[in-house]
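Only heavy atoms go into these numbers, but all of them, side chains included; no hydrogens, no water, no symmetry mates.
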Amino acid sequence: MNLTLSKVSKTYAKNKHANKNVDLVCKPGIFGLLGPNGAGKTTLMKIIATVQKPSKGTVRLNDVDIVNNPEVMREKLGYLPQMFGTYDHLTGREFLAYVAALKGLSGKIMKQRIDSVLAELNLSEVAGKKILTYSGGMKQRIGIAQAILNDPKILIFDEPTVGLDPEERVRFRNLISELAQDSIVLLSTHIVSDVDSVADQVLIMKQGEIIRQGTQKAIVEQTVRYIYEVEQTPELSSTIPEHRIINTMRKQNKMVVRYWQEEPDANLSAHTPTLEDTYLVLSKSKV
């Protein structure tokens, strides 16, 4: 199974590009799409999910143009949009039964799938309660549950871990790792930790374009050379350009500056660059 985007652009106004000339080829596995708010991630997810049409370009599932044949995508799709709504007067189980019916599930198979996803998302104990009584994290998990209900072969998650506690984030990452064995999983987020432990391929998006694409190791190696940490002092601000500073943090009651540079420093021990370093470097660059 192949999902292929070629020169996909979305223009809302004369010079307002939400997406610009996006090329992407996806096969079964996890594709982590990183980018700041406003980078165009949500628009791209909506185009792939056939919620919006691109202004230009093609989107194909295998050999089928899904822009003109959206039903081919929709029958294989599980989708959690960024702004996910529920019917709060229904119980969690009733809501999933409603979604299952829309997706063509019924009878014994429907009940089995609902029971399965409730268990996978740690919602079995609250399945009989109305959604209006759920916490934000529980509602988010119901959103994830409805996305995987029909055992889809293409899964799109837009900011899926909002409101989840650390334990549930780990549960979600484990879940999509299992699903990705025979499905394409697209995970859009601005939280690096959602991606760095599970993504087979990382895409970094900025101003509507994919500016980096590949394995985490390859992206880090082609972007960041040497990482150093030094104690913050008044003199430091004049020696390290702002665009080379990754972040400032507190360590052992001291403020420490983490920064990058092209050449090694013989007086300092270099740190291993991370995906987060790369993401923050690119967010400050003019690329």
Side-chain angles (χ1 to χ4, degrees), residues 1-13 16-33 35 39-86 95-107 109-110 113-114 117 143-160 175-176 178-189 199-203 205 208-210 213:
M1 182 169 55
N2 293 310
L3 175 65
T4 306
L5 283 67
S6 180
K7 305 300 180 186
V8 168
S9 298
K10 182 66 177 180
T11 306
Y12 290 110
K16 178 71 173 179
H17 298 283
N19 297 136
K20 186 175 180 181
N21 295 324
V22 174
D23 292 322
L24 179 61
V25 177
C26 299
K27 295 182 179 182
I30 300 176
F31 293 77
L33 180 60
K41 304 187 304 298
T42 292
T43 299
L44 187 62
M45 296 297 97
K46 286 181 178 180
I47 289 172
I48 296 172
T50 71
V51 175
Q52 290 186 354
K53 289 187 175 184
S55 303
K56 294 181 181 178
T58 60
V59 185
R60 292 184 177 275
L61 181 59
N62 295 328
D63 295 324
V64 179
D65 181 344
I66 64 169
V67 175
N68 295 317
N69 302 279
E71 68 283 353
V72 174
M73 170 62 85
R74 291 171 187 172
E75 67 184 15
K76 299 180 184 298
L77 178 67
Y79 179 40
L80 175 65
Q82 187 175 18
M83 302 299 291
F84 172 71
T86 61
F95 175 70
L96 291 179
Y98 168 73
V99 174
L102 293 178
K103 294 186 175 186
L105 301 178
S106 61
I109 293 177
M110 179 179 74
R113 283 301 298 161
I114 291 174
V117 299
I144 296 169
Q146 64 80 32
I148 67 174
L149 193 56
N150 58 327
D151 193 21
K153 296 306 175 187
I154 298 176
L155 280 152
I156 297 175
F157 296 107
D158 193 355
E159 304 288 354
L175 174 62
I176 64 172
E178 293 177 8
L179 294 171
Q181 293 182 27
D182 61 355
S183 301
I184 295 172
V185 179
L186 291 162
L187 170 61
S188 171
T189 183
D200 300 298
Q201 292 277 311
V202 176
L203 319 168
M205 201 165 194
E209 299 183 72
I210 294 177
Q213 179 176 341

Quick one: does [X]'s side chain get under 4.5 Å of [Y]'s, heavy atoms only?
{"X": "E159", "Y": "K41", "result": "yes"}
{"X": "L3", "Y": "V25", "result": "no"}
{"X": "I154", "Y": "M1", "result": "yes"}
{"X": "V72", "Y": "D65", "result": "no"}
{"X": "C26", "Y": "L186", "result": "yes"}
{"X": "T58", "Y": "L5", "result": "no"}
{"X": "M205", "Y": "V22", "result": "yes"}
{"X": "L149", "Y": "M110", "result": "no"}

Closest non-hydrogen atom pair between [X] and [Y], with its separation:
{"X": "V202", "Y": "A199", "result": "CG2-CB, 4.1 Å"}
{"X": "Y12", "Y": "A18", "result": "CE1-CB, 3.4 Å"}
{"X": "K76", "Y": "P152", "result": "O-CB, 3.3 Å"}
{"X": "A147", "Y": "L155", "result": "O-CD2, 3.6 Å"}
{"X": "E75", "Y": "N150", "result": "O-ND2, 4.3 Å"}
{"X": "L77", "Y": "A49", "result": "CD2-O, 3.7 Å"}

**Asked** Do T42 and D158 have side-chain atoms, one donor and one acceptor, less than 3.5 Å apart?
**Response**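 Present: a donor and an acceptor within the cut-off.
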Could you give the distance from [atom1] ([X]) to [atom2] ([Y]), rounded to the nearest 0.5 Å?
{"X": "E209", "Y": "L203", "atom1": "CD", "atom2": "CG", "result": "14.0 Å"}
{"X": "D200", "Y": "K27", "atom1": "CG", "atom2": "NZ", "result": "13.0 Å"}
{"X": "N19", "Y": "L44", "atom1": "CG", "atom2": "CG", "result": "5.0 Å"}
{"X": "I48", "Y": "Y79", "atom1": "CD1", "atom2": "OH", "result": "9.5 Å"}
{"X": "N62", "Y": "T4", "atom1": "CG", "atom2": "OG1", "result": "8.0 Å"}
{"X": "K153", "Y": "S183", "atom1": "NZ", "atom2": "OG", "result": "4.5 Å"}

Review point. Should the pair K7-D23 be classified as a salt bridge under the 4.0 Å nitrogen-to-oxygen rule?
Key: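 Yes, K7 and D23 are salt-bridged.
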| message | Take a 6.0 Å sphere around CD1 of I109 and say whether it holds more than 12 heavy atoms from other residues, nucleotides or ligands. | response |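 Result for CD1/I109: open.
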Margin query: If you apply the rule side chain to side chain contact (heavy atoms under 4.5 Å, CB included), what do you find for H17 with K10, and how did you get there?
Written below: CA-CA 6 Å; H17 298 283; K10 182 66 177 180; over 6 Å; no
- Message: Once ring-ring contact (aromatic ring centres under 6.0 Å, His included) is applied, do any residues pair with F157, and if so which ones, sequence neighbours excluded?
- Response: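 In terms of ring-ring contact (aromatic ring centres under 6.0 Å, His included), with neighbours along the sequence ignored, F157 is linked to F172.
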| message | Does V117 form a side chain to side chain contact (heavy atoms under 4.5 Å, CB included) with Q146? I'd like the steps, not just the answer. | response | CA-CA 8 Å; V117 299; Q146 64 80 32; over 6 Å; no
Which residues satisfy the side-chain contact (heavy atoms from CB on, under 4.5 Å) test with P28, sequence neighbours excluded?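 With sequence neighbours excluded, P28 shows a side-chain contact (heavy atoms from CB on, under 4.5 Å) to I184, given in chain and number order.
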